[in-house]
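Encoded as structure tokens, the structure appears first; notes follow it.
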Amino acid sequence: KQQLDFKMRDVGGYLTTQIEATGNNEGLCSLWRKAKDYYQRRLWHQLTGILLDLVKREELQKGDDLWQLYTNVIADFEIKLNPLSLVDMCTPVVNRFDDAEEALQFLEKIGDKVKANTEAFVMTRVLIGKLQLVQFKDIAKTKAIVEEIDGLLSDVEGVGKVHAHFYLLCTDLYKLE
């Protein structure tokens with residue numbers, strides 16, 4: 001018999017640690033307290049809003065704070081999240097990666113998780129295209145991704161923020177061609 005070796009996340013413990021560590025910053029501490037409360041009460045929608053605020057906080061943009069937030073909290077209930085919200089939470093996390101190859105793998109993993117939602121999947125492809133263009137300077141791969149996204153976007157009704165990010169990528173590609 002093989003033993004499965006996986007560690008259960010201690011989300012409550014992580015959030016408590018963050019509350020204690022940010023006691024001198026009332027605004028941030030309040031967000032951590034709300035996150036813990038919503039998590040314990042399983043209020044996923046409200047927790048999503050708090051996490052979207054947290055990933056944008058200046059105080060978390062250093063070291064591996066965002067990665068810790070992802071691995072300790074977000075990853076625990078990402079299947080319950082709105083797929084586009086998951087991608088929105090992961091975008092600042094990706095921007096903190098030092099290694100572009102690791103960032104690419106992370107985005108592809110997130111893309112696999114949200115592929116049932118066209119807009120969320122397109123957003124991961126846009127982020128991958130941006131990475132290919134900016135970090136890898138690979139115009140051919142970026143062009144292929146843009147063509148793939150263009151086909152996918154024809155299935156999306158209306159125009160939303162995903163379109164805006166796509167057109168921004170197209171503009172950046174056009175500038176470099």
Side-chain angles (χ1 to χ4, degrees), residues 7-135 149 160-166 168-169 172:
K7 187 177 84 170
M8 290 292 293
R9 288 182 187 88
D10 179 14
V11 177
Y14 172 79
L15 292 171
T16 299
T17 303
Q18 294 309 311
I19 291 166
E20 291 166 359
T22 58
N24 59 346
N25 181 338
E26 190 46 47
L28 186 58
C29 188
S30 170
L31 284 174
W32 287 116
R33 271 200 291 298
K34 284 180 187 170
K36 184 176 180 185
D37 178 47
Y38 294 153
Y39 182 82
Q40 289 173 333
R41 292 170 44 202
R42 298 190 171 342
L43 298 173
W44 307 129
H45 179 72
Q46 291 85 342
L47 181 58
T48 299
I50 293 295
L51 291 171
L52 284 167
D53 288 344
L54 278 168
V55 296
K56 294 173 186 150
R57 289 293 293 234
E58 187 66 38
E59 299 92 335
L60 272 75
Q61 305 302 316
K62 60 187 181 350
D64 71 342
D65 289 355
L66 286 173
W67 179 249
Q68 291 300 320
L69 177 61
Y70 173 78
T71 55
N72 287 296
V73 181
I74 298 168
D76 188 64
F77 72 104
E78 61 191 3
I79 58 166
K80 294 176 179 82
L81 279 169
N82 170 309
L84 200 50
S85 293
L86 174 61
V87 176
D88 286 346
M89 282 179 210
C90 291
T91 302
V93 177
V94 165
N95 295 336
R96 294 295 307 147
F97 277 88
D98 292 327
D99 183 349
E101 195 58 50
E102 283 179 18
L104 187 64
Q105 289 169 6
F106 178 70
L107 282 170
E108 286 171 349
K109 188 178 90 174
I110 297 300
D112 286 343
K113 291 176 183 181
V114 300
K115 67 179 160 216
N117 180 301
T118 306
E119 282 185 276
F121 182 70
V122 164
M123 196 63 202
T124 62
R125 301 303 293 159
V126 167
L127 294 169
I128 288 171
K130 193 174 170 187
L131 198 64
Q132 289 290 357
L133 190 63
V134 176
Q135 296 292 323
I149 295 169
K161 73 174 188 173
V162 174
H163 290 80
H165 287 280
F166 169 66
L168 198 57
L169 174 64
D172 291 343

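We count residues from 1, following the sequence as given.
- Annotation: side chain to side chain contact (heavy atoms under 4.5 Å, CB included) contacts of Ala100 (sequence neighbours excluded): Gln135, Phe136.
- Proximity of a side-chain donor or acceptor of His165 to a complementary backbone N or O of Val162 within less than 3.5 Å is not detected.
- The CG atom of Leu66 sits 9.0 Å away from the CG atom of Asn95 when rounded to the nearest 0.5 Å.
- Heavy atoms only, all atoms of each residue included: Gly111 and Phe121 are closest at O-CD1, 3.4 Å.
- Between the CG atom of Leu169 and the CZ atom of Arg125 there is a distance of 11.0 Å, given to the nearest 0.5 Å.
- Expressed to the nearest 0.5 Å, how far CG of Leu104 lies from CG of Leu127 amounts to 11.0 Å.
- Residues in residues 83-110 take part in these salt bridge (Lys or Arg N to Asp or Glu O under 4.0 Å) pairs, two or more places apart or across chains: Asp88-Lys161.
- With hydrogens and angles disregarded, a donor-acceptor distance shorter than 3.5 Å links the side chain of Asn72 to the backbone of Gln68.
- The shortest non-hydrogen separation linking Leu52 to Ser85 is CD2-O, 3.9 Å.
- Closest heavy-atom contact between Arg9 and Ala75: NH2-CB, 3.4 Å.
- Under the 4.5 Å side-chain criterion, counting only non-hydrogen atoms from C-beta, Leu81 is in contact with Ile74.
- Side chains of Tyr70 and Glu78: a donor-acceptor N/O pair is present below 3.5 angstrom, by distance only.
- Under the rule for a ring-ring contact (aromatic ring centres under 6.0 Å, His included), Tyr38 has no partner lying at least two apart in sequence or in another chain.
- The aromatic rings of Phe77 and Trp44 lie parallel to each other, with less than 30° between the two planes, well short of the 60° mark.
- Within a 6.0 Å sphere centred on NZ of Lys130, heavy atoms belonging to other residues, nucleotides or ligands number 12 at most.
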Between Ile110 and Phe106, does a side-chain contact (heavy atoms from CB on, under 4.5 Å) hold up when you go through it step by step? CA-CA 6 Å; Ile110 297 300; Phe106 178 70; 4.0 Å; yes
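- Distance CG/Leu60 to OG1/Thr22: 9.0 Å, rounded to 0.5 Å.
- Judged purely by atom type and a 3.5 angstrom limit, Asp64 has no side-chain atom pairing as donor or acceptor with the backbone of Trp67.
- Residues passing the side-chain hydrogen bond (donor to acceptor under 3.5 Å, both in side chains) test with Asp172: none are found, sequence neighbours excluded.
- Between Asp65 and Lys62, the closest heavy-atom pair is OD2-NZ, 2.8 Å.
- Nearest heavy-atom pair across Glu119 and Asn117 is N-OD1, 3.1 Å.
- Interatomic distance, CG of Asn82 versus OG1 of Thr48, reported as 7.5 Å (0.5 Å rounding).
- Partners of Asp53 by salt bridge (Lys or Arg N to Asp or Glu O under 4.0 Å), not counting sequence neighbours: none found.
- Between the side chain of Gln61 and the backbone N or O of Val55 there is at least one donor-acceptor pair closer than 3.5 Å.
- The CD1 atom of Ile50 sits 11.0 Å away from atom CG of Leu15, with the distance rounded to the nearest 0.5 Å.
- Contact between Leu54 and Ala35 at its shortest, heavy atoms only, is CD1-CB, 4.5 Å.
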Atom pairs and distances, donor-acceptor, side-chain atoms in residues 24-32, under 3.5 Å, two or more places apart:
| from | atom 1 | to | atom 2 | distance (Å) |
| --- | --- | --- | --- | --- |
| Asn25 | OD1 | Gly27 | N | 3.4 |
| Asn25 | OD1 | Leu28 | N | 3.2 |
| Asn25 | ND2 | Glu59 | OE2 | 2.8 |
| Glu26 | OE2 | Arg33 | NH2 | 2.9 |

